[in-house]
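Input: a single structure, listed below in C-alpha cells.
Convention: sequence-line order gives letters A, B, ...; per-chain numbering from 1.
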There are 2 protein chains.
Amino acid sequence: MADIARRPEHRYGNRPTMKDVAARAGVGLKTVSRVVNGEPGVTPETERRVQEAIEILGFRRNDSARVLRKGRTATVGLVLEDLADPFYGPLSRAVEEVARAHGALLINGSSAEDPGREQELALALCARRVDGLIVIPAGDDHRYLEPEIRAGVATVFVDRPAGLIDADAVLSDSFGGARDGVAHLIAHGHRRIGFIGDRPRIHTAAERLRGYRAAMEDAGLPVQDAWVSPGSTDPERVRTAVREMLAAPEPVTALFAGNNRVMVTVVRALAEHPRPVALVGFDDIELADLLGVTVIAQDAAALGRTAAERLFRRLDGADEAPERVVLGTTLLARGSGEIPPTAA
Amino acid sequence: MADIARRPEHRYGNRPTMKDVAARAGVGLKTVSRVVNGEPGVTPETERRVQEAIEILGFRRNDSARVLRKGRTATVGLVLEDLADPFYGPLSRAVEEVARAHGALLINGSSAEDPGREQELALALCARRVDGLIVIPAGDDHRYLEPEIRAGVATVFVDRPAGLIDADAVLSDSFGGARDGVAHLIAHGHRRIGFIGDRPRIHTAAERLRGYRAAMEDAGLPVQDAWVSPGSTDPERVRTAVREMLAAPEPVTALFAGNNRVMVTVVRALAEHPRPVALVGFDDIELADLLGVTVIAQDAAALGRTAAERLFRRLDGADEAPERVVLGTTLLARGSGEIPPTAA
DNA sequence: TAGGGCCTGGACAACGTTGTCACGGCAGGG
DNA sequence: CCCTGCCGTGACAACGTTGTCCAGGCCCTA
C-alpha cells in the first residue's frame with residue numbers, strides 16, 4: 001500500500017544524460033539535443049560521434065524533462081468503467097490506435113463505476129498534464145473538470161454525456177436502439193415484455209428504459225411495474241428478476257436485456273427455463289451468434305475512434321462549439337428475438 | 001498523422017504555478033510546496049491562506065516537474081498484444097488494481113503481435129521513465145531492454161518468457177494444460193485428435209503444441225502431419241484447417257483449440273458440421289459454459305496480479321534473482337470434451 | 001584581400017517542482 | 001538578561017531538456 005511517489009530517491013539509477021553524452025562525444029550539450037531530435041545543422045561526422053556516444057552510454061532521452069520544457073506530454077488519458085468488460089476493451093484499443101497515429105500514448109484507468117474514483121483518476125491524469133482526456137462518466141457532476149478544461153485540457157465524453165458542464169460527447173443511440181429492440185419483440189406478437197437493465201442513475205441505462213417505455217407506448221401497450229427490474233448487474237439479482245417475471249400470474253413472454261452484463265445472465269437464466277422465452281439484448285457479445293441471441297449491436301470501437309478523433313481535432317486547434325455525436329445501433333436478428341409468445 | 005510532440009508551444013494554457021499561489025497567498029514558494037504535499041511545519045493560519053489561493057487560482061501541481069525532481073514517476077507500463085482481446089482486458093485490469101494500491105498509474109500499449117512495435121512501445125515507456133515495465137512479449141529477443149533494466153527499470157514478463165535475457169516471468173502452464181486437455185480427449189476414447197493453434201513462433205503456442213504431442217506420445221498414439229494445423233488465428237484459415245481434418249480419409253474425431261481466438265472459430269465451424277466432434281479449447285471464454293465447450297482455463301487476472309505484485313516488490317527494493325513463476329490451469333468439463341468418437 | 005553571409009556549435013536561461021540550508025523570532029532556562 | 005534551541009518560513013540550487021542567441025570559421029564575391 002506504500003505510495004510509490006513517497007519513496008526515497010533513486011535518481012533513475014544514475015542514467016546518463018545529454019550532458020554525459022556531450023562530454024563523451026566532445027561536443028556541446030545542445031548538439032546532442034539536435035542529434036537526438038533529428039534537428040538540422042549537424043555535420044554527419046559530428047552526428048556520428050554523438051550517436052556512438054549515445055550507443056555506448058545507453059542514453060535515452062528523459063521525456064519528463066522534455067515535457068516540462070515543451071508543455072506537451074503527447075499523452076492522453078482515458079477514464080473508463082472497467083477495462084475487463086469486453087465492451088471497453090475494443091473501445092480503449094480504438095482510442096489507443098488513434099492516439100498512436102498522432103504520436104501519443106494512452107493512460108487508462110478504471111473508475112469501477114464509482115464517481116469519486118472517476119474524479120480522483122481524472123484529476124491525477126490532469127496533474128500529469130495529459131494533453132487530452134476521454135471520460136466515460138461514472139458520476140453525473142463534472143464541474144470539477146471546469147478548471148482543467150479552461151486550462152486547456154481537451155476533454156471528450158464517451159458512451160454517456162457529461163453532467164452539468166457543456167462538453168463534447170460521443171454516444172450510442174441507447175434510446176432508439178432499445179425502442180427498436182422492443183418494437184421488434186412487439187412485431188413478433190409479444191404484449192407482455194420485461195425490461196432488465198442496469199442502475200437507472202447510469203445514463204445509458206435510463207435511456208434504454210425510456211426506449212422500452214416508448215416502444216410499449218407507441219404500440220398502445222401497458223407496462224406493469226413488475227415488468228421492470230429494479231436495475232442491477234448482480235447476477236443473483238438479475239436471476240431473481242427473471243424468475244419473478246416468468247412466474248407471475250401473467251408472465252412476460254419476452255425480455256429485453258439492457259446491456260451485455262445483464263444479457264449474459266439472462267441467457268443463462270433462460271437456459272434453465274422450461275418454456276421458450278423471447279430475448280433481445282443491448283450490446284453484441286462474442287458467441288451470441290452461436291447462441292442465437294438477437295441483439296441491438298453498438299460499435300464500441302467506433303465510439304472510441306470517433307471520440308479520439310474529436311479529441312485530437314481539438315488538440316490540433318479546432319475551436320468548434322461542444323457537440324453531441326450520436327452513433328446508430330444495429331438490430332441483429334438471430335433467433336431469440338423472433339420466438340413467438342408462448343401461452344403461460 | 002501530425003506528431004503531437006512537435007507542435008508549437010502552448011504552455012499548458014497558462015496554468016498557475018506554485019509561484020503564483022505563493023504570490024497570491026503572500027508566502028514563500030516552498031511553503032506552498034509544503035502545503036500541497038502535506039509536509040509538516042506550517043501554521044494552520046498559513047495553510048488556510050495557501051489553500052484559499054489554490055482554490056481561487058485552480059492550481060494543480062505539475063507532476064511532470066515533480067517527476068523530474070524526484071526521479072520517480074509513479075507510473076508503470078504494460079505492453080500487451082491487444083487490449084481488445086478478452087484475455088488481456090482482465091489481465092490489464094488486474095495490473096491496474098495492484099498499481100493503484102501502490103499509488104501508481106498504468107500506461108498500456110498494444111503491440112499487435114509485432115516485435116518492432118513492442119520494442120518501440122517499451123522504449124517509449126522507458127523514455128517516459130516509467131518505474132516498471134510489464135511486457136507480454138511479441139518478439140523473441142529482448143536484449144534491447146538490457147540497458148533499461150541496468151538503469152533501474154523493474155521489468156517483469158507475463159504470459160510468455162523473455163527472449164535472450166534473464167528476467168522475471170509469470171506464465172500459465174501451457175504445456176501441462178494442453179497435455180491435460182488432450183489426455184482428457186484420449187481418456188474419452190479418441191485416437192485421432194487434431195491440434196489447431198497459433199503461429200508456433202509464439203511461445204505459448206509452441207508449448208501447447210508440445211503438450212499435445214506429449215499427451216499423444218504418452219498414450220502411444222501416432223500424430224499425423226495433417227492433424228496439426230499450420231498455425232494461425234485467421235478465421236478463414238482455421239475453418240479450412242477444421243474442414244480438411246474432418247474430410248480426410250481417416251478424419252479426426254476430436255479437436256484441441258490452442259487459444260481463445262482459435263476456439264471461437266472452431267466452435268463456429270463445428271456448429272456447421274453434421275457429425276458431432278469433440279472439442280477442448282485453451283482459455284475460457286464468456287458463454288462457453290452455455291455452449292458446453294470444455295476448456296483448459298487459465299486465470300488472466302491472476303497472471304496480471306502476480307506479475308504486478310512481483311514488479312512492485314522489486315520496486316520496493318527486493319533483490320532476488322529473476323524467477324519464473326508458472327500458474328496452473330484448470331480443466332472445465334462442459335460436454336464438448338466428453339463427446340465419444342464417432343465413426344467416420 | 002576585405003567584407004558579408006551562411007553554417008556549425010555552444011553558453012545560458014527557463015520550464016515547475018523539491019531538497020537543503022539558513023535566518024529570524026520566540027520560549028525557556030541559567 | 002543573555003544564551004540556546006526550536007519552530008516556521010523562505011532563498012536558492014538542482015533535476016534534464018529545449019529555445020534563444022551569439023561566436024567563430026568557412027566560402028563566396030567584389
Side-chain angles (χ1 to χ4, degrees), chain A residues 5-23 25-50 53-54 57 59-74 126-129 151-152, chain B residues 3 5-23 25-50 54 57 59-74 126-129 151-152:
Chain A
R6 311 209 176 267
R7 303 259 179 66
E9 302 266 311
H10 80 152
R11 300 272 86 233
Y12 312 124
N14 272 340
R15 292 189 87 124
T17 71
M18 285 193 177
K19 205 155 110 184
D20 302 324
V21 174
V27 302
L29 180 55
K30 181 65 210 209
T31 301
V32 177
S33 171
R34 275 193 267 262
V35 171
V36 170
N37 295 296
E39 289 170 25
V42 181
T43 336
E45 163 59 14
T46 310
E47 170 159 4
R48 197 194 52 73
R49 283 222 311 286
V50 172
I54 289 177
L57 295 176
F59 166 80
R60 187 164 318 282
R61 182 179 63 198
N62 185 332
D63 277 354
S64 296
R66 170 170 229 248
V67 158
L68 178 59
R69 191 59 235 259
K70 305 203 68 141
R72 284 251 187 180
T73 52
C126 289
R128 266 155 221 248
R129 296 297 187 267
Chain B
D3 189 320
R6 308 205 178 271
R7 302 259 180 65
E9 301 266 310
H10 82 153
R11 299 271 86 234
Y12 311 124
N14 273 341
R15 293 189 85 121
T17 71
M18 285 193 177
K19 206 155 109 184
D20 302 323
V21 175
V27 302
L29 180 55
K30 180 65 211 210
T31 300
V32 177
S33 171
R34 275 193 268 261
V35 171
V36 170
N37 295 296
E39 290 169 25
V42 181
T43 334
E45 163 58 15
T46 311
E47 171 160 3
R48 198 195 49 73
R49 283 223 311 285
V50 173
I54 289 177
L57 296 175
F59 167 81
R60 187 166 316 284
R61 182 180 63 198
N62 185 333
D63 277 354
S64 296
R66 169 172 231 248
V67 159
L68 178 61
R69 190 62 235 258
K70 304 204 67 141
R72 284 251 186 179
T73 52
C126 290
R128 267 156 223 249
R129 296 298 188 268

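- At whole-Å resolution of the value, CG in B:D20 and P in C:dT17 are 9 Å apart.
- With D:dG16, C:dG10, D:dT18 as the choices, the nucleotide that has an atom nearest any side-chain atom of A:T17 turns out to be D:dG16.
- Atom CE of B:M18 and atom P of D:dC12 are 19 Å apart (whole Å).
- Separating the NZ atom of A:K19 from the C1' atom of C:dG10 is a distance of 14 Å, rounded to the nearest angstrom.
- A close approach under 4.0 Å does occur between a side-chain nitrogen or oxygen of B:S33 and OP1 or OP2 of C:dT18.
- The CD-P distance, from B:E39 to D:dC7, rounds to 16 Å in whole Å.
- One distance of note links CG of B:N62 with CE of B:M18; it measures 9.5 Å at 0.5 Å rounding.
- Between the P atom of D:dC15 and the CZ atom of B:R129 lies a distance of 14 Å, rounded to the nearest Å.
- In the interface, the side chain of A:R34 is paired with the base of C:dG9 through a donor and an acceptor atom under 3.5 Å apart.
- Rounded to whole Å, atom P of C:dC15 lies 19 Å from atom CG of B:D63.
- At distances below 3.5 Å, at least one donor-acceptor pair connects side-chain atoms of B:T17 with backbone N or O atoms of B:K19.
- Atom pair A:R66:CZ and C:dT17:C1' shows a separation of 20 Å (rounding to whole Å applied).
- Of the candidates D:dA11, D:dT18, C:dT8, the closest approach to any side-chain atom of B:K30 belongs to D:dA11.
- Taking 4.0 angstrom as the limit, B:T31 places none of its side-chain polar atoms (N or O) nearer than this to OP1 or OP2 of D:dT9.
- Shortest non-hydrogen contact noted between A:A25 and A:V50 is CB-CA, 4.0 Å.
- The side chain of A:A65 has D:dT17 as its nearest neighbour among D:dT17, D:dT9, C:dT18.
- Contact between the side-chain N/O atoms of B:S64 and the OP1/OP2 oxygens of C:dG16 is not found at any separation under 4.0 Å.
- Side-chain nitrogen and oxygen atoms of A:T46 include at least one within less than 4.0 Å of the OP1 or OP2 phosphate oxygen of C:dG9.
- When all heavy atoms of A:V42 and A:R34 are compared, the pair lying nearest together is CG2-CB, 3.8 Å.
- Within the 4.0 Å cut-off from OP1 or OP2 of D:dC15, not a single side-chain nitrogen or oxygen of A:N62 is found.
- Distance from the side chain of A:K70 is smallest to D:dT18 among D:dT18, C:dT17, C:dT8.
- Side-chain atoms of A:R128 come within 3.5 Å of backbone N or O of B:T73 as a donor-acceptor pair.
- Between the side chain of A:R69 and the base of D:dT18, a donor-acceptor pair under 3.5 Å is found.
- When rounded to the nearest whole Å, the span between CG of B:L68 and P of C:dA14 equals 17 Å.
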